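Take a look at the structure set out below.
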There are 2 protein chains.
Amino acid sequence: MLREEGLIYTVQGEGTFVAAPDSAPREPRKLPMYRKIAEDIVQEIRSGDLQPRRPVPSETALVQRYEVARETVRRAIGRLRDQGWVYTVPQRGTFVSAEDKWPED
Amino acid sequence: MLREEGLIYTVQGEGTFVAAPDSAPREPRKLPMYRKIAEDIVQEIRSGDLQPRRPVPSETALVQRYEVARETVRRAIGRLRDQGWVYTVPQRGTFVSAEDKWPED
DNA sequence: GGGGATTTGTACGTATGTATC
DNA sequence: TGATACATACGTACAAATCCC
């Protein structure tokens, strides 16, 4: 029933975790597909393959490219939207944000 | 192909939309279930029925209470998490945030 | 320590609605 | 009219971590 409540901490954009007593660095766990897709798209934006105000590939296109379910693509896009990389216009598409909206990181 | 790019605006926590030329107030569109669930839980937090550091009902419990799919519940919880109302500890549960983390609104 | 129950995380596939083009 | 694209929603499955007896 959550007895060690003081040991909980949150990493923005990562989730909430229970602190390890020695803060042992966890090994990099396998990257979920929706994160890989998101990171790939960030790469394409950073490299200029995807340009500001131009559309990101549609959900359908990404579903086919990665051979994943649509929900997985939607989660990746949602992540990018939260971080400011892209913006979505309902029923129109998702577009690369202006460069000043990109996260510093 | 997104020709009227200047007409796009974003409402934080709502999404991105195309501005109506006369900003005609859209009639209140039907509230999606995941938003209703989220609002219900906010009410329970505000009223004190759900207290800080105490668990929010589990996904399974909410699925049964609202008779919806788990994905719908998860979207509601994700929304509350983004807004700061709750925090989630993987494999343990979701808990009401301390009051100073709540959104002003 | 073992084992089962609980809970969240990830992922798939499908369906329908609605707005845009 | 029809095709496209995103929004919402359902149901299912398995994994991983935790909790409790």
Side-chain angles (χ1 to χ4, degrees), chain A residues 1-5 7-8 10-11 13-20 24 26-38 54-81 86-95, chain B residues 1-5 7-8 10-11 13-21 24 26-39 54-81 86-95:
Chain A
M1 199 70 80
L2 189 63
R3 284 174 297 193
E4 304 91 15
E5 290 174 334
L7 294 179
I8 292 168
T10 295
V11 178
E14 280 281 352
T16 306
F17 305 94
V18 176
R26 283 194 308 283
E27 73 254 41
R29 63 191 181 298
K30 187 169 45 87
L31 196 64
M33 269 308 294
Y34 78 94
R35 290 215 191 171
K36 166 162 178 49
I37 295 171
R54 299 300 305 163
V56 168
S58 74
E59 294 181 357
T60 303
L62 292 172
V63 162
Q64 294 170 348
R65 176 189 299 179
Y66 287 96
E67 296 183 298
V68 296
R70 199 165 149 235
E71 184 192 309
T72 304
V73 167
R74 286 180 63 75
R75 212 176 298 174
I77 298 295
R79 187 176 175 80
L80 296 175
R81 188 163 43 230
V86 303
Y87 60 94
T88 297
V89 181
Q91 279 69 52
R92 288 233 231 159
T94 296
F95 305 86
Chain B
M1 200 67 84
L2 189 64
R3 284 174 298 193
E4 305 90 15
E5 290 176 333
L7 295 180
I8 292 168
T10 295
V11 178
E14 281 281 352
T16 306
F17 305 94
V18 177
R26 285 193 308 281
E27 73 253 44
R29 63 192 182 298
K30 187 169 40 86
L31 194 66
M33 269 307 293
Y34 78 93
R35 290 213 192 171
K36 166 162 177 49
I37 295 171
E39 291 186 4
R54 299 301 304 166
V56 168
S58 75
E59 295 179 357
T60 302
L62 292 172
V63 161
Q64 292 170 347
R65 175 188 301 181
Y66 286 95
E67 295 183 297
V68 296
R70 196 172 151 223
E71 183 191 310
T72 304
V73 166
R74 285 181 64 77
R75 211 177 298 176
I77 298 294
R79 186 177 175 78
L80 296 175
R81 187 163 46 230
V86 303
Y87 60 93
T88 297
V89 182
Q91 279 71 52
R92 285 232 233 162
T94 296
F95 305 85

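None of the values given here were measured: they were computed from a predicted structure. To find a chain, count down the sequence lines: A is the first, B the second, and so on, and within it residues start at 1.
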* Asked: Of all the choices, C:dA11, D:dA9, D:dC6, which nucleotide is nearest to the side chain of A:Pro32 once you look at every atom?
  -> C:dA11
* Structure fact -> Atom CZ of B:Arg79 and atom C1' of D:dA7 are separated, to the nearest Å, by 13 Å
* In whole angstroms, how far is the C1' atom of D:dC10 from the CD atom of B:Glu67? -> 13 Å
* Structure fact -> Separation of C:dT10 atom P from A:Ile37 atom CD1, nearest Å, is 13 Å
* **Which nucleotide in D:dC10, C:dG9, C:dC12 has an atom nearest any side-chain atom of B:Gln91** => C:dG9
* Starting at atom CD1 of A:Ile77, determine the distance to atom C1' of D:dA5, rounded to an integer number of angstrom. => 12 Å
* Asked: C:dT7 phosphate, OP1 or OP2: any side-chain N/O from B:Ser58 under 4.0 angstrom?
  -> yes
* To do: Look at the side chain of B:Glu71 against the base of D:dC10 and say whether a donor-acceptor pair falls under 3.5 Å; ignore hydrogens and angles.
  => yes
* Tell me: CG of B:Leu62 to P of D:dC10, nearest whole Å? -> 13 Å
* **Point-to-point distance, once rounded to the nearest 0.5 Å, from CD1 of A:Ile37 to CZ of A:Arg65** => 9.5 Å
* **Short side-chain N/O contact to C:dC12 OP1/OP2 from A:Thr72, under 4.0 Å** => yes
* Rounded to whole angstroms, how far apart are CZ on B:Arg75 and C1' on C:dT8? -> 17 Å
* Evaluate the salt bridge (charged side-chain N to carboxylate O under 4.0 Å, His left out) criterion for residues B:Arg35 and B:Glu39: first the C-alpha distance (whole Å), next the side-chain angles of each, then the deciding distance (0.1 Å), finally the verdict. => CA-CA 6 Å; B:Arg35 290 213 192 171; B:Glu39 291 186 4; over 6 Å; no
* Identify which nucleotide among D:dA9, C:dT18, C:dC12 has an atom closest to any side-chain atom of B:Met33, counting heavy atoms from C-beta outward. => D:dA9
* What is the distance, rounded to the nearest whole Å, between atom CZ of A:Phe95 and atom P of C:dT20? -> 12 Å
* To do: Nearest whole angstrom, please: distance from the P of C:dT16 to the NZ of B:Lys30.
  => 15 Å
* May I ask you to test the B:Ile77-B:Leu62 pair for a side-chain heavy-atom distance under 4.5 Å? => yes
* Asked: Which nucleotide, D:dC6, C:dA11, C:dT8, lies nearest any side-chain atom of B:Glu59?
  -> C:dT8
* To do: Measure across A:Val68 and A:Met33 and return the closest heavy-atom pair with its distance rounded to 0.1 Å.
  => CG1-CE, 3.7 Å
* Rounded to the nearest 0.5 Å, how far does OG of B:Ser58 lie from CD of B:Gln64? -> 7.5 Å
* **Minimum-distance nucleotide (side-chain atoms of A:Tyr34 versus C:dA11, D:dC6, D:dC10)** => C:dA11
* Residue met sooner reading DNA chain D from 5', once B:Tyr66 and A:Gly93 are mapped to nucleotides -> A:Gly93
* Quick one: the side chain of A:Arg70 and the base of D:dA7, do they pair up donor-acceptor inside 3.5 Å? -> yes
* May I ask you to verify if any side-chain N or O of B:Arg92 is less than 4.0 angstrom from the OP1 or OP2 atom of C:dT6? => no
